[in-house]
Novice: 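This is the structure I want to talk about, given as structure tokens.
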Amino acid sequence: MSHILSVMGEMFPDAHCELNHRNPFELTIAVLLSAQCTDETVNKVTASLFQKYQTPADYLAVPIEELEQDIRRIGLFRNKAAHIQKLSQMLIDNYGGEVPQQHEELTKLPGVGRKTANVVVSNAFGVPAIAVDTHVERVSKRLGLAKADDSVLEVEKKLMKLVPREHWTDTHHRLIFFGRYHCKAQNPNCPVCPLLDVCKEGKQRMKPAVNRKAKPNPNK
DNA sequence: AACTCGGGGCA
DNA sequence: TGCCCAGAGTT
């Protein structure tokens, strides 16, 4: 596992998301917005969004239609605008206007699921966590770190067993960058992959077609 | 477990 | 045009 992480670290030496350096509230909003769209899109939207809105009260001060307009370029924006306003109200009512630091409290907020909560606690509050998104899940399963039919939660548990706690947060970043830019969902770049020799699915993909034709199921 | 939300990016 | 994408909520 350490070999895998060091190789990924060499491939993407500055694997991190700029949004992770924002304050807890902006980070929570940004990760909530990122669901099912690329971080580049979120960066474009939040650049102006965070100029206009700084506090939970700011998001509640406008009609929801106006907030929807401000995040219009993001997919699923109607859900997200409603979530942001409900979340803002809950922060004011229940948490003194601040983002709670406990994972369990975070997931009570609308639009904040397990993945978002993991990103927030690990990047804003220094609590080690491995957020499993589609990239992390795909990469883990291809490498053979988890089984193909494992749930997201099972993938997270297995990664936590494989990686020392102090490296959980940067492990998350490395797997995401590796999955986003190299081990893509379609056409993974196996031919030039430095992890090919330890990758379960990569070796399978790189087998010459003639072998597959001659021996369809050599192991069964 | 399947369905829904949804515009942007890319082939 | 068609397909996929740094998820979460509801049924």
Side-chain angles (χ1 to χ4, degrees), chain A residues 8 11-12 14-22 24 26-50 59 64-91 99-100 103-124 129-143 146-156 159 168-189:
Chain A
M8 289 183 182
M11 292 175 74
F12 303 100
D14 48 9
H16 69 279
C17 179
E18 292 176 22
L19 293 172
N20 291 338
H21 300 299
R22 295 189 173 273
E26 289 188 343
L27 175 62
T28 304
I29 299 294
V31 180
L32 184 157
L33 290 174
S34 75
Q36 289 297 98
C37 69
T38 64
D39 56 335
E40 287 88 354
T41 305
V42 175
N43 281 329
K44 286 177 191 168
V45 173
T46 54
S48 57
L49 192 75
F50 291 161
Y59 287 102
I64 191 167
E65 293 80 9
E66 183 174 340
L67 182 54
E68 286 177 350
Q69 192 63 38
D70 291 335
I71 62 175
R72 175 161 295 278
R73 295 187 61 195
I74 294 202
L76 316 179
F77 61 89
R78 278 184 267 269
N79 277 352
K80 289 168 180 173
H83 285 154
I84 288 173
Q85 288 200 327
K86 283 184 197 164
L87 178 151
S88 296
Q89 191 65 57
M90 287 177 67
L91 292 189
V99 177
H103 189 282
E104 187 180 348
E105 299 301 314
L106 281 165
T107 53
K108 291 179 183 174
L109 301 172
V112 179
R114 181 168 190 86
K115 181 253 176 179
T116 301
N118 280 351
V119 173
V120 171
V121 297
S122 65
N123 290 289
I130 301 178
V132 179
D133 56 28
T134 55
H135 293 316
V136 175
E137 180 180 358
R138 182 181 65 255
V139 169
S140 299
K141 290 181 176 180
R142 280 182 177 164
L143 284 169
K147 292 182 182 174
D149 59 349
D150 278 347
S151 68
V152 170
L153 188 57
E154 286 169 328
V155 173
E156 182 180 329
L159 288 176
W168 284 357
T169 301
D170 54 279
T171 292
H172 150 72
H173 290 142
R174 290 180 191 195
L175 288 181
I176 283 184
F177 268 70
F178 181 75
R180 174 91 172 96
Y181 299 108
H182 180 81
C183 191
K184 304 174 195 175
Q186 277 83 33
N187 300 342
N189 209 351

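All chains are named by letter (A, B, ...) in the order of the sequence lines, taking the proteins before the strands, and each is independently numbered beginning at 1. Being a predicted model, the structure only gives us computed values, none of them experimental.
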Novice: Looking at side-chain heavy atoms only, is the closest gap between Val136(A) and Leu159(A) below 4.5 Å?
Specialist: yes
Novice: Counting any heavy atom closer than 4.0 Å, what does Gln186(A) reach on the DNA or RNA strands: base, sugar-phosphate only, or nothing?
Specialist: sugar-phosphate
Novice: If you measure from the C1' atom in dA1(B) to the same atom in dA6(C), how many Å do you get, rounded?
Specialist: 23 Å
Novice: Examine dG9(B): is either OP1 or OP2 under 4.0 Å from a nitrogen or oxygen in the side chain of Lys44(A)? Give yes or no.
Specialist: yes
Novice: Using a heavy-atom cut-off of 4.0 Å across all strands, would you classify Val112(A) as base, sugar-phosphate, or nothing?
Specialist: sugar-phosphate
Novice: Starting at the 5' end of DNA chain C and moving along, which residue's nearest nucleotide shows up first, Ser34(A) or Pro110(A)?
Specialist: Ser34(A)
Novice: Distance from Leu87(A) atom CG to Leu106(A) atom CG, nearest 0.5 Å?
Specialist: 9.0 Å
Novice: So does Thr41(A) get a side-chain nitrogen or oxygen closer than 4.0 Å to the phosphate oxygens (OP1/OP2) of dC5(C)?
Specialist: no
Novice: Rounded to the nearest Å, what distance is computed from the CD atom of residue Glu156(A) to the P atom of nucleotide dA6(C)?
Specialist: 18 Å
Novice: Sticking with atom P, work out how far dG6(B) lies from dT11(C), rounded to a whole angstrom.
Specialist: 16 Å
Novice: Rounding to a whole Å, what distance do you find between Asn43(A):CG and dG8(B):P?
Specialist: 16 Å
Novice: How close or far is atom P of dG9(B) from atom NZ of Lys184(A), stated in whole angstroms?
Specialist: 16 Å
Novice: Please give, in whole Å, the distance from dC5(C) C1' to Tyr181(A) OH?
Specialist: 13 Å
Novice: Report which part of the nucleic acid Gly75(A) touches: base, sugar-phosphate, or nothing (heavy-atom distance under 4.0 Å, all strands).
Specialist: base
Novice: Where do Val132(A) and Asn118(A) land on the side-chain contact (heavy atoms from CB on, under 4.5 Å) test, with the steps shown first?
Specialist: CA-CA 9 Å; Val132(A) 179; Asn118(A) 280 351; over 6 Å; no
Novice: Can you check whether Val152(A) reaches Arg114(A) side chain to side chain, under 4.5 Å on heavy atoms?
Specialist: no
Novice: Counting only distance, no hydrogens or angles, is the base of dA6(C) paired donor-acceptor with the side chain of Asp39(A) under 3.5 Å?
Specialist: yes
Novice: Could you check whether Ala131(A) gets within reach of a base, just the sugar-phosphate, or nothing at all, counting any heavy atom under 4.0 Å?
Specialist: nothing
Novice: Could you state the atom-to-atom distance from CG of Asn79(A) to P of dG7(B) in whole Å?
Specialist: 12 Å
Novice: Do any side-chain atoms of residues 174-181 of chain A form donor-acceptor pairs under 3.5 angstrom with protein atoms, and if so which ones, sequence neighbours left out?
Specialist:
{"residue": "Arg174(A)", "atom": "NH1", "partner": "Leu5(A)", "partner atom": "O", "Å": "2.8"}
{"residue": "Arg180(A)", "atom": "NH2", "partner": "Glu40(A)", "partner atom": "OE1", "Å": "3.3"}

Novice: Does a side-chain N or O from Arg114(A) land closer than 4.0 Å to OP1 or OP2 of dG7(C), or not?
Specialist: no
Novice: Tell me: NZ of Lys115(A) to P of dG9(C), nearest whole Å?
Specialist: 13 Å
Novice: Give the nucleotide from the list dC5(B), dA6(C), dG7(B) with an atom nearest to the side chain of Phe77(A).
Specialist: dG7(B)
Novice: I need the CD1-C1' distance between Ile74(A) and dG7(C), as an integer number of Å.
Specialist: 13 Å
Novice: Using a 4.0 Å heavy-atom cut-off, does Leu109(A) contact any base of the nucleic acid, only the sugar-phosphate backbone, or nothing at all?
Specialist: sugar-phosphate
Novice: Pick the C1' atom in dA8(C) and in dG9(B), then give their distance to the nearest Å.
Specialist: 23 Å
Novice: From CG of Leu153(A) over to C1' of dG7(C), roughly how many Å is that when rounded to an integer?
Specialist: 15 Å
Novice: Any idea which of dG7(C), dG9(C), dA6(C) is nearest the His83(A) side chain?
Specialist: dG9(C)
Novice: For the backbone of Ala131(A) and the side chain of Glu156(A), can you confirm whether one donor and one acceptor N or O come within less than 3.5 Å of each other?
Specialist: no
